[in-house]
Amino acid sequence: MPLIAALLISVALAGEDPKVVNPIWVSAPAATAADYPRFAAIIRAEGHVVVQCEALSTGALSACTAMSEKPADLGFGREAVRVVQRGVLAPRTGDGTSEPSRIQVQLPFRMPARTPSTKPVPWTGPEPTAGQQASAQRWAARAASRRPILSRFGLEDLPPDRRAVVTEWIGELYPDRQKTQAIFTVVAARLLAEIGLPEMPPTRPLDEETWSRRFAAASADQFDRHAADAELRRRYCARYECAPGV
């Protein structure tokens, strides 16, 4: 998922003794797309977290805790703590001597601007042969059986009652295993025809990035993922908190 978690970090300390030099980042923690909670990313929820840590005299961070997170129950607090703990500080000094301190770090999670969705483009590539379709069907049966439908949504952070509601919505909006297998069959057959292979080899015939890109293009007219994600967001945000509120 092409997504950037923009985490703007500041350090706050109590006390203004002129002999004290407050800590500064030696290695500021850098967030990656993997740090954005999965379900929050799907519904494009943004968040804001305040993390408190003990800054040791060595510059390491310890006992980090999310003091506040908005919205709650989407995983922002957990991920913020993980991000902050990757940082290293030049420790606080008093009269030139390193000493421990307590810091607070504010991290807003921001989604990048979304490219306007376009109407799914119909497939214009070559038509698969009967042999390519049969091979694709066998591959799709294996691929769909290994693909847990709910696991990609990252619902672990949701309270049980909310998770049950969202699970029901997912069942309504997204393909079930049988439909997923049917889509995989169509797409795999199309790719075999496009690449010019008679059947699916034991491993993917393309590198991961190229396969994913071509797979998405070949499935565009089979299922509108953006529309489903948008409707899931609409339902969730109408019923629960999904904004940072700061």
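These values consider heavy atoms only, across backbone and side chains, with no hydrogens, waters or symmetry-generated copies.
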- Given Arg239 and Arg235, is the side-chain contact (heavy atoms from CB on, under 4.5 Å) satisfied, shown in steps? CA-CA 6 Å; Arg239 186 160 182 170; Arg235 295 186 186 188; over 6 Å; no
- Please lay out, stage by stage, how Glu46 and Tyr36 fare under the test side-chain contact (heavy atoms from CB on, under 4.5 Å). CA-CA 9 Å; Glu46 298 189 335; Tyr36 214 105; 4.0 Å; yes
- Task: I would like to know whether Arg152 and Ile42 meet side-chain contact (heavy atoms from CB on, under 4.5 Å); could you show each step before the answer?
- Result: CA-CA 10 Å; Arg152 78 167 189 84; Ile42 290 173; 3.8 Å; yes
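The two residues Ala189 and Gln132 make their nearest non-hydrogen contact at CB-O, 4.1 Å. When all heavy atoms of Pro71 and Ala243 are compared, the pair lying nearest together is CD-O, 3.4 Å. Contact detail for Pro205 and Met200: the closest heavy-atom pair is CD-SD, 3.9 Å. When all heavy atoms of Ala45 and Met111 are compared, the pair lying nearest together is O-CG, 4.1 Å. Minimum interatomic distance between Ala80 and Val51 (heavy atoms only, all atoms of both residues): CB-CG2, 3.8 Å. Taking all atoms of both residues into account, the shortest heavy-atom contact from Gln222 to Ala218 is CG-O, 4.5 Å.
Residues Val187 and Ile183 form a side-chain contact, since some pair of their non-hydrogen atoms from C-beta on lies under 4.5 Å apart. With contacts defined as side-chain heavy-atom distances shorter than 4.5 Å, the pair Glu194/Arg214 qualifies. Using a 4.5 Å cut-off on side-chain heavy atoms (C-beta onward), Tyr174 and Arg225 make contact. Contact annotation: the side chain of Val166 approaches that of Phe39 to within less than 4.5 Å [non-hydrogen atoms, C-beta and beyond]. When side chains are defined from C-beta on, Asp35 counts as touching Arg82, because their heavy atoms get closer than 4.5 Å. Within the 4.5 Å cutoff, the side chain of Val84 has heavy atoms near those of the Cys53 side chain. Trp25 places none of its side-chain heavy atoms less than 4.5 Å from the side chain of Val88. No side-chain heavy atom of Leu61 sits less than 4.5 Å from a side-chain heavy atom of Val105.
Under the 4.5 Å side-chain heavy-atom criterion for ILVMFWY residues, no single connected hydrophobic cluster contains both Ile24 and Val26. A single hydrophobic cluster is not seen to contain both Ile103 and Val50; linkage of ILVMFWY side chains at heavy-atom distances under 4.5 Å, directly or through other members, places them apart. Under a hydrophobic-cluster definition in which Ile, Leu, Val, Met, Phe, Trp and Tyr are linked whenever side-chain heavy atoms come within less than 4.5 Å, directly or via other members, Phe223 and Ile43 are assigned to the same cluster. Hydrophobic clustering keeps Val186 apart from Trp211 (ILVMFWY residues linked when any side-chain heavy atoms are closer than 4.5 Å, directly or through intermediates). Hydrophobic clustering keeps Trp123 apart from Leu206 (ILVMFWY residues linked when any side-chain heavy atoms are closer than 4.5 Å, directly or through intermediates).
Not counting sequence neighbours, Ser62 has no partner by the side chain to side chain donor-acceptor pair (under 3.5 Å) test.
Side chain of Ser135 to main chain of Gly131: no donor-acceptor pair is present (N/O by atom type, distance under 3.5 Å, no hydrogens or angles). In this structure a side-chain-to-backbone donor-acceptor pair under 3.5 Å is missing from Arg233 to Cys242. A donor-acceptor contact shorter than 3.5 Å is absent between the side chain of Arg102 and the backbone of Glu54. For the pair Ser219 (side chain) and Ala216 (backbone), a donor-acceptor distance under 3.5 Å is present.
A cation-pi arrangement is found for Arg162 relative to Tyr240, the charged atom lying closer than 6.0 Å to the ring centre and inside a 45° cone about the ring normal.
If you take CD on Glu79 and CG on Leu74, they are separated by 11.5 Å, rounding to the nearest 0.5 Å. A distance of 7.0 Å separates CE in Met67 from OG1 in Thr65, rounded to the nearest 0.5 Å. Considering CG of Leu173 and CZ of Arg234, their distance stands at 9.5 Å, rounded to 0.5 Å. In this structure, CZ in Arg78 is found 9.0 Å from CD in Glu69, a value given to the nearest 0.5 Å. The CD atom of Glu156 lies 13.0 Å from the CG atom of Asp73; values are rounded to the nearest 0.5 Å. Separating the CZ atom in Arg190 from the CD1 atom in Ile195 is a distance of 14.0 Å, to the nearest 0.5 Å.
Applying the 6.0 Å contact sphere to CD of Glu172 captures more than 12 heavy atoms from other residues, nucleotides or ligands.
Between Phe76 and Phe109, the ring planes are tilted. Angles from 30° to 60° get that label.
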